[in-house]
Amino acid sequence: MDIRFKSIKGMNDILPPESNIWINLEHLLREHFFMAGFREIRTPILEYFELFVRGIGEGTDIVEKEMYSFKDKDGEMITLRPEGTAPVVRAIIEHNFLKHDGICRFFYLGPMFRYERPQKGRLRQFHQFGAEVFGIQDGSIDGELIFLGVSLLNKLGVQERDFITKVNSLGCIECRKGFRESLVVFLNKSKDSFCDDCKRRILTNPLRVLDCKNDSCRALTQDAPCTVDYLCEGCSKHFDEVKRALKCFEIKYEIDSRLVRGLDYYSRTTFEIQITNNLLGSQNTVIAGGRYNSLFKDFVGEDYPAIGFAGGIERLLEVIDKKLIEPKEKLRVSFMSDLASFDVRDVLVVQKLREAGIEVEVDLATKSYKSKFKRADRNQSTFAIIKGEDEKKGGYYTVKDLRLSINSEDKQFRIKPEELCNEILRRKEIEWS
RNA sequence: GUGAGUGUAGCUCAACUGGUCAGAGCACCGGACUGUGGCUCCGGUUGUUGGGGGUUCGAGUCCCCUCACUCACCCCA
């Protein structure tokens, strides 16, 4: 067979049985957030280009080269969302949620798009979940939100020893000015020794030099100034609150002064949960977030308390204990018949079974009953219900319990249509040894 | 955008330095089993060896181009 069409690079099909795992993971994520008082928000996948330029930052890689943007038929530039925070903020402002209730907790779940070279833990269409809290200024909520992320990993069976929580504070715009100046001075002292990327970063985005993975650059920035040393009184107090909250929640964490984050809107707290057991290769961050009070400035002209995080579902799937989200075994039944024997009364019986929570596959194909049985077996059906020529004449169904060995007496029996459903339900409870 | 690796039946993989090498297992279909599965046995189907070009008497095997996938850099969830 020649394959004429393939999926777009970095955009994968999620097929059974894998899709069942997704359904269950999504369900578990929703439960996790609901139980913490969050409500789901679903924003469109397309937004105006400008939203992300303003929201994420003009100089960022995401905006500069990774967005799927195109002109709509009316000439408007629109973009496939590359992340979830900006759309959520847009939505709650647009619908005046904050005027109605100053404190809101939301979560979202869905596909995001970035034009990148795919590799392990990185796709062009990928899926993120995220949580955002609006209206709470003090550091306790930062700690609580980090706890929400950590406890999610716990719930999903990720071992305590396999991840690390890193926390930092970038300070507000004011603190960052001072820090930035000192950092640039420090970096310029040895600017010729940095890698080419870092030389460029010193000019464009000096904070990112701290983030460089290059060992020699890391060594050079060993004694670089730390953001936390430049915090103003307010930011410093806030960071203390965060640390106190983390202690209350008994979260193990380390302060990482290199944690600067790539998106422009962050201020004060930033955090990241990284997987340390190498299951994710180099894309080892599963959950990351931070405070972004100043994002609101771009949208409504003034700051508003806001903090959130996002997590990658594909990355999560690589590291979690799949047993915890494996689909539950359902009672499955194969209804075997053929077009000469099957009629509307059988349809009603099938519907009744399905309403009783039994999964019924109807097999009317013009094939041998032998092949229908084979298929039932492959499907792991518990029962086969047969409505063939004989059953039609006699007005009954033949039921076969497929769990039993071939010479068992009770294996196959006839039953009246009106008794079928209850009998199936009754027999499913019987455990044959 | 840069670099490295891989590309053989639906799946997992064989085929020594180019010479019956186009194969095995699983899967699938059929039969043994007169509408009745699993186990066993028997039989059968499947590929333009990713695509194109070149070297050669001869290429899955060597060379070039191209495409796809994977990993890494970059960046990020």
Side-chain angles (χ1 to χ4, degrees), chain A residues 1-3 6-10 12 56 59-66 82-85 108-131 149 195-198 200-201 205 208 211-214 259-263 271-275 280-290 308-319 334 336-338 340-341 363 366-393 398-408 411-412:
Chain A
M1 209 186 308
D2 82 291
I3 296 168
K6 302 184 73 174
S7 77
I8 294 170
K9 183 201 276 283
N12 294 165
I56 300 172
T60 58
D61 277 17
I62 294 179
V63 169
E64 248 173 29
K65 46 194 186 197
E66 292 175 0
E83 60 103 43
T85 297
Y108 60 85
L109 184 60
M112 306 292 165
F113 304 84
R114 291 182 201 173
Y115 187 87
E116 299 186 272
R117 272 299 264 287
Q119 68 186 69
K120 195 180 186 70
R122 199 174 72 185
L123 292 165
R124 289 186 176 178
Q125 176 175 166
F126 60 105
H127 298 77
Q128 278 190 343
F129 58 92
C195 69
D196 290 344
D197 282 326
C198 282
R200 180 173 50 79
R201 289 189 190 115
N205 195 348
R208 296 223 64 84
D211 219 16
C212 185
K213 286 180 181 130
N214 195 318
L259 201 66
V260 292
R261 320 257 61 238
L263 286 64
F271 63 95
E272 213 165 88
I273 303 177
Q274 296 176 352
I275 299 295
L280 276 178
S282 57
Q283 258 63 48
N284 65 347
T285 301
V286 274
I287 287 176
F309 67 72
I313 293 188
E314 284 86 353
R315 290 185 188 179
L316 213 47
L317 282 169
E318 297 273 344
V319 299
S334 289
M336 310 176 178
S337 187
D338 53 79
S341 317
D363 188 350
T366 24
K367 289 186 300 188
S368 66
Y369 274 78
K370 181 191 181 70
S371 70
K372 292 181 203 239
F373 270 93
K374 276 194 169 177
R375 180 168 170 75
D377 188 53
R378 234 182 300 134
N379 276 340
Q380 300 184 350
S381 286
T382 308
F383 297 99
I385 301 167
I386 301 134
K387 171 76 184 287
E389 220 176 317
D390 296 350
E391 287 82 0
K392 184 185 165 83
K393 258 184 239 156
T398 301
V399 175
K400 184 169 181 177
D401 191 325
L402 297 171
R403 297 170 296 183
L404 297 174
S405 67
I406 207 134
N407 45 14
S408 172
K411 180 171 184 53
Q412 191 164 323

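What you see below is based on every heavy atom in this structure, not just the backbone, and it leaves out hydrogens, waters and symmetry mates. Throughout, protein chains are lettered first and strands after them, A, B, ... in sequence-line order, and every chain is numbered starting at 1. The shown structure was predicted, so the numbers you read here are calculated from the model rather than taken from an experiment.
Comparing B/C74, B/G38, B/U36 against the side chain of A/Thr398 picks out B/U36 as the nearest. Side-chain atoms of A/Asp61 lie closest to B/C74 of the nucleotides B/C74, B/C29, B/A72. In this structure, the nucleotide among B/A77, B/G1, B/C74 sitting nearest to the side chain of A/Phe126 is B/A77. Here the nucleotide nearest the side chain of A/Ile62, chosen from B/G30, B/C76, B/A68, is B/C76. Here B/A72 is the nucleotide among B/A77, B/U36, B/A72 with the atom lying nearest to any side-chain atom of A/Gln119. Distance from the side chain of A/Ile386 is smallest to B/G35 among B/G35, B/C74, B/A72. Distances were taken from every side-chain heavy atom of A/Phe373 (C-beta onward) to each of B/G38, B/U36, B/G1; the shortest belongs to B/U36. Of the candidates B/U36, B/A77, B/G3, B/A77 carries the atom nearest the A/Gln128 side chain, counting heavy atoms from C-beta on.
The separation of B/G51 from B/C42, taken at their C1' atoms, amounts to 40 Å, rounded to a whole angstrom. The separation of B/G50 from B/A9, taken at their C1' atoms, amounts to 14 Å, rounded to a whole angstrom. Between the P atoms of B/U70 and B/U8, the separation comes to 14 Å (whole Å). Look at the C1' atom in both B/U12 and B/U46: the space between them is 16 Å, to the nearest Å. Taking the P atoms as reference points, B/A27 lies 30 Å from B/G60, given to the whole Å.
Atom CD of A/Glu83 and atom C1' of B/A77 are 11 Å apart (whole Å). Whole-Å rounding puts the A/Ile385 CD1 to B/G35 P distance at 21 Å. Per the geometry, CD belonging to A/Gln412 stands 14 Å off P belonging to B/G38, to the nearest Å. Note: CZ (A/Arg124) to C1' (B/G1) measures 11 Å, nearest angstrom. For the pair A/Lys374 NZ and B/C39 P, the interatomic distance rounds to 10 Å; values are reported in whole Å. One can place CD1 of A/Ile313 at 10 Å from C1' of B/A77, the figure rounded to the nearest angstrom. Atom NZ in A/Lys9 sits roughly 8 Å away from atom C1' in B/C69 (whole-Å rounding). When the P atom of B/A77 is taken as reference, atom CG of A/Asn284 falls 13 Å away, rounded to whole Å.
Within 4.0 Å of A/Gly121, counting heavy atoms only, lies at least one base atom of the nucleic acid. A/Ala288 comes within 4.0 angstrom of sugar-phosphate atoms only, judged by non-hydrogen atoms across all strands, and of no base. Within the nucleic acid shown, A/Asp390 comes within 4.0 Å of at least one base atom, counting heavy atoms only. No engagement by A/Ile275 is indicated, since no non-hydrogen atom pair under 4.0 Å with the nucleic acid exists.
In this structure, A/Phe113 and A/Phe126 approach most closely via the heavy-atom pair N-CE2, 4.1 Å. Contact between A/Asp338 and A/Tyr369 at its shortest, heavy atoms only, is OD2-OH, 2.6 Å.
Side-chain nitrogen and oxygen atoms of A/Ser282 include at least one within less than 4.0 Å of the OP1 or OP2 phosphate oxygen of B/C73. Between A/Gln283 and B/C76, a side-chain N or O to OP1/OP2 separation shorter than 4.0 Å is absent. Dashed line: the shortest gap from a side-chain N or O of A/Arg378 to OP1 or OP2 of B/C28 is under 4.0 Å.
Taking 3.5 Å as the limit, the base of B/C76 and the side chain of A/Arg315 contain a donor-acceptor pair of atoms between them. Taking only distance into account, the side chain of A/Lys370 never meets the base of B/U36 through a donor-acceptor pair shorter than 3.5 Å. Residue side chain A/Arg375 does not reach the base of B/C28 through any donor-acceptor N/O pair under 3.5 Å, judged by distance alone. Within 3.5 Å, no donor on the side chain of A/Glu66 pairs with an acceptor on the base of B/G1, nor the reverse.
Judged by distance alone, the side chain of A/Ser368 and the main-chain N or O of A/Ser371 form a donor-acceptor pair under 3.5 Å. Side-chain atoms of A/Glu318 never come within 3.5 Å of backbone atoms of A/Arg315 as a donor-acceptor pair (strictly under, hydrogens ignored).
Checking B/C62 for Watson-Crick or G-U wobble geometry (two distances, each under 3.5 Å) identifies B/G54 as its partner. Across the strands present, B/A4 finds its partner in B/U70; the criterion is a Watson-Crick or G-U wobble pair with both atom distances under 3.5 angstrom. With a cut-off of 3.5 Å on both pairing distances, B/C33 has no Watson-Crick or G-U wobble partner at all. Pairing partner, B/C13: B/G23, with both Watson-Crick or wobble hydrogen-bond distances short of 3.5 Å.
Mapping A/Ile287 and A/Glu391 onto RNA chain B via the closest heavy atom, the residue that lands nearer the 5' end is A/Glu391.
Taking the ring centre of A/Phe373 as origin, the terminal cationic atom of A/Lys370 falls outside the region bounded by 6.0 Å and 45° from the ring axis.
Remark: the A/Gln283 side chain and the A/Gln119 side chain contain an N/O donor-acceptor pair separated by less than 3.5 Å.
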